Structure formats: structure tokens, C-alpha cells
Amino acid sequence: SNYAGGNTDGFVMLFSFINSQPISFISYIGTPGDDQVTGVSLNSYGGGLAIVGSTNGTGLPQPTSTVYAPFQPQPAGGIDGFLILASYSIASAQMYGSTYFGGSGNDTPLGVYYSTTGIYITGQTSSPDFPVAGGKSGHDNAAERSPLHGVSDAFVARFNTGSKGLMLTASRLYGGSGSDSGVALSQLASGNMVVAGTTSSTDLPLLNPTRSEEHTSERQSRQYLVC
């Protein structure tokens, strides 16, 4: 695709250190606003690609033939996150689903993991109305809403594909009274997720912590791990 406008667009490329032609394909990803791609993951069974990022623009690229309808067709305000799903080969990629997700504040996905059980995303939100789902029966596109714990919270979300399109089937906010952000995640053999991030909160909720004391002489931004 072509450059979509704004100050920045994202891009994705297939790169190889082995082949004589290192770049097989490269494509812009963007809207007329300012866009960033912050994470990409190949699914564990091959052929699928999940791309996440953030944008303040309207007109998120949609597939020419929509296989999965978007969970959130339009931005909700501020900076919104986005998810794009595509199939790929050695020389091209074909989009088959895309969606915004976020609330009225700023929402920034920073990590994504694509597995057989769903597309898992972590990042940071300052939205008091960030969509939160899961923990109840009958998951669908009607998400609950949950208040923030602090200035910003880390979020962990799971999307699945089905007859209703791209569905937010589970998501949670995590944090203390400061600024918290999830930056990376991976999946254990048990199916549980491991999430790592940063925090300025001195009251981060802890469970079986490897370290429980804070020292004022240390950096204001600290790291955490949630399993």
C-alpha cells in the first residue's frame, strides 16, 4: 500500500539474513493521521500474522473482502490501538481482518502474541472506559467497562475470530496509583500468559513477589512480571 498521510505511518516487512534478497516484501500500514506499528507476531501454526499499533486517525485499512468484521469499526477518541490480521507467504501478505480498540483516552498496544488460543495483546491505557471483557459466560462483542486504577494502567486483552468477526473475548486492567504499562508477553505450555512491563506505582498489587520493597533512591520507573 501507499503512504497514507500524517506525520508517520507504520510498516511491516518480511526480512531474511539467509536469502540473497533480504527483503521479500514491505508495506505501509496507516491512516491519514499519525500511526505507529509497535508489535508483530506470527501464529504458532503458520501462515498468519498479527500486527498491533496505535493511531489518532480515522480510516484504518480494511480488507477488500472482509472475512472478520471489526470489533470496533471507529476510533473512540484520543489515541486508539489497532489490530490487523493477515495471511502471508514468502512474497506477499493479504489482510483478512482489522479493528480499532480503546476508549476515550490514549490506548497504546506494545506487545502481541498470536497462538492457537487467540491473539493476546498488552500495552498501556489512560482510558477510563477501556473495554474490559471476560470472567463471565457468554463472551461476545458487548464488553464491560472498568475504571482505571491510576494515571495509566497496563492492559492484557485477548481477541478471537468467529462468526461474529473479531471478538474481544477477555481483557483486564492491571496497575497501581501511578503509571503502568505492559510491554511484552508470551505463553506458557499450560496456556497461561506471562506479561512483563514497567511501573511508577509504589502500590502495585503483588502476589508471591520476587521483590516487595521499593527504594526511593532507585529509578522512578520499575519493571514487573505477571504470570
Side-chain angles (χ1 to χ4, degrees), residues 10 36-41 50-56 71-72 75-84 99-115 117-136 139 143-160 166-188 190-214 218-227:
Q36 290 185 329
V37 170
T38 53
V40 62
S41 178
I51 304 162
V52 295
S54 59
T55 181
N56 63 3
F71 161 73
Q72 183 180 313
I79 296 172
D80 274 39
F82 65 78
L83 167 65
I84 292 175
T99 186
Y100 290 97
F101 65 95
S104 57
N106 294 331
D107 312 289
T108 306
L110 296 171
V112 59
Y113 187 87
Y114 195 174
S115 81
T117 57
I119 303 107
Y120 297 85
I121 303 168
T122 191
Q124 182 181 55
T125 179
S126 65
S127 295
D129 52 355
F130 186 84
V132 176
K136 296 183 179 180
H139 302 313
E144 306 165 24
R145 301 283 170 168
S146 178
L148 288 169
H149 300 96
V151 177
S152 64
D153 277 8
F155 71 81
V156 182
R158 183 185 68 204
F159 281 87
N160 291 95
L166 271 169
M167 299 177 292
L168 179 68
T169 51
S171 67
R172 286 289 184 269
L173 302 185
Y174 178 76
S177 58
S179 296
D180 311 290
S181 177
V183 297
L185 75 173
S186 190
Q187 192 169 43
L188 302 174
S190 64
N192 292 332
M193 300 303 296
V194 180
V195 182
T198 61
T199 180
S200 67
S201 298
T202 58
D203 55 351
L204 195 69
L206 300 178
L207 179 64
N208 299 324
T210 57
R211 173 186 167 210
S212 61
E213 295 181 1
E214 294 289 357
E218 294 183 352
R219 293 178 300 170
Q220 292 185 349
S221 180
R222 304 171 179 87
Q223 290 72 49
Y224 63 84
L225 179 69
V226 180
C227 298

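Computed from a prediction, not measured in an experiment: that's the story for all the values here.
- In this structure, Ser179 contributes its side chain and Val151 its backbone to no donor-acceptor pair below 3.5 Å.
- Looking at every heavy atom in both residues, Gly175 comes nearest to Pro205 through O-CD, 3.5 Å.
- Note that CZ of Phe159 and CG of Leu166 are 7.0 Å apart. Values are rounded to the nearest 0.5 Å.
- Using a distance-only test at 3.5 Å, with no hydrogens or angles considered, a donor-acceptor pair links the side chain of Asp80 to the main chain of Ala76.
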Test side-chain hydrogen bond (donor to acceptor under 3.5 Å, both in side chains) on Thr125 and Asp107 and set out the steps.
CA-CA 4 Å; Thr125 179; Asp107 312 289; 2.5 Å; yes

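- Using a distance-only test at 3.5 Å, with no hydrogens or angles considered, a donor-acceptor pair links the side chain of Asp129 to the main chain of Ser104.
- The shortest heavy-atom contact between Ser171 and Pro131 is OG-O, 2.9 Å.
- Taking CD of Gln36 as the reference point, atom OG1 of Thr108 lies at 7.5 Å (rounded to 0.5 Å).
- How far CD1 of Ile79 is from OG of Ser126: 8.0 Å, rounded to the nearest 0.5 Å.
- The two atoms that bring His149 and Leu173 nearest to each other are CE1-O, 3.8 Å, heavy atoms only.
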Determine whether Phe155 and Asp180 satisfy the following criterion, side chain to side chain contact (heavy atoms under 4.5 Å, CB included), listing intermediate values before the conclusion.
CA-CA 9 Å; Phe155 71 81; Asp180 311 290; over 6 Å; no

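- With hydrogens and angles disregarded, a donor-acceptor distance shorter than 3.5 Å links the side chain of Ser41 to the backbone of Tyr114.
- Panel note: side chain Ser177, backbone Gly150; no donor-acceptor pair is recorded below 3.5 Å.
- If you take CD1 on Ile119 and CD1 on Ile51, they are separated by 12.0 Å, rounding to the nearest 0.5 Å.
- Distance check, rounded to the nearest 0.5 Å: CG of Leu168 to CZ of Phe71 gives 4.5 Å.
- Taken from OG1 in Thr122 to OH in Tyr174, the straight-line distance is 11.5 Å, to the nearest 0.5 Å.
- Side-chain contact between Tyr120 and Ser115 is present, with at least one heavy-atom pair separated by less than 4.5 Å.
- Listed for the Gln124 side chain is no donor-acceptor partner under 3.5 Å among the backbone atoms of Ser152.
- Smallest separation of non-hydrogen atoms from Ile121 and Pro109: CG2-CB, 3.7 Å.
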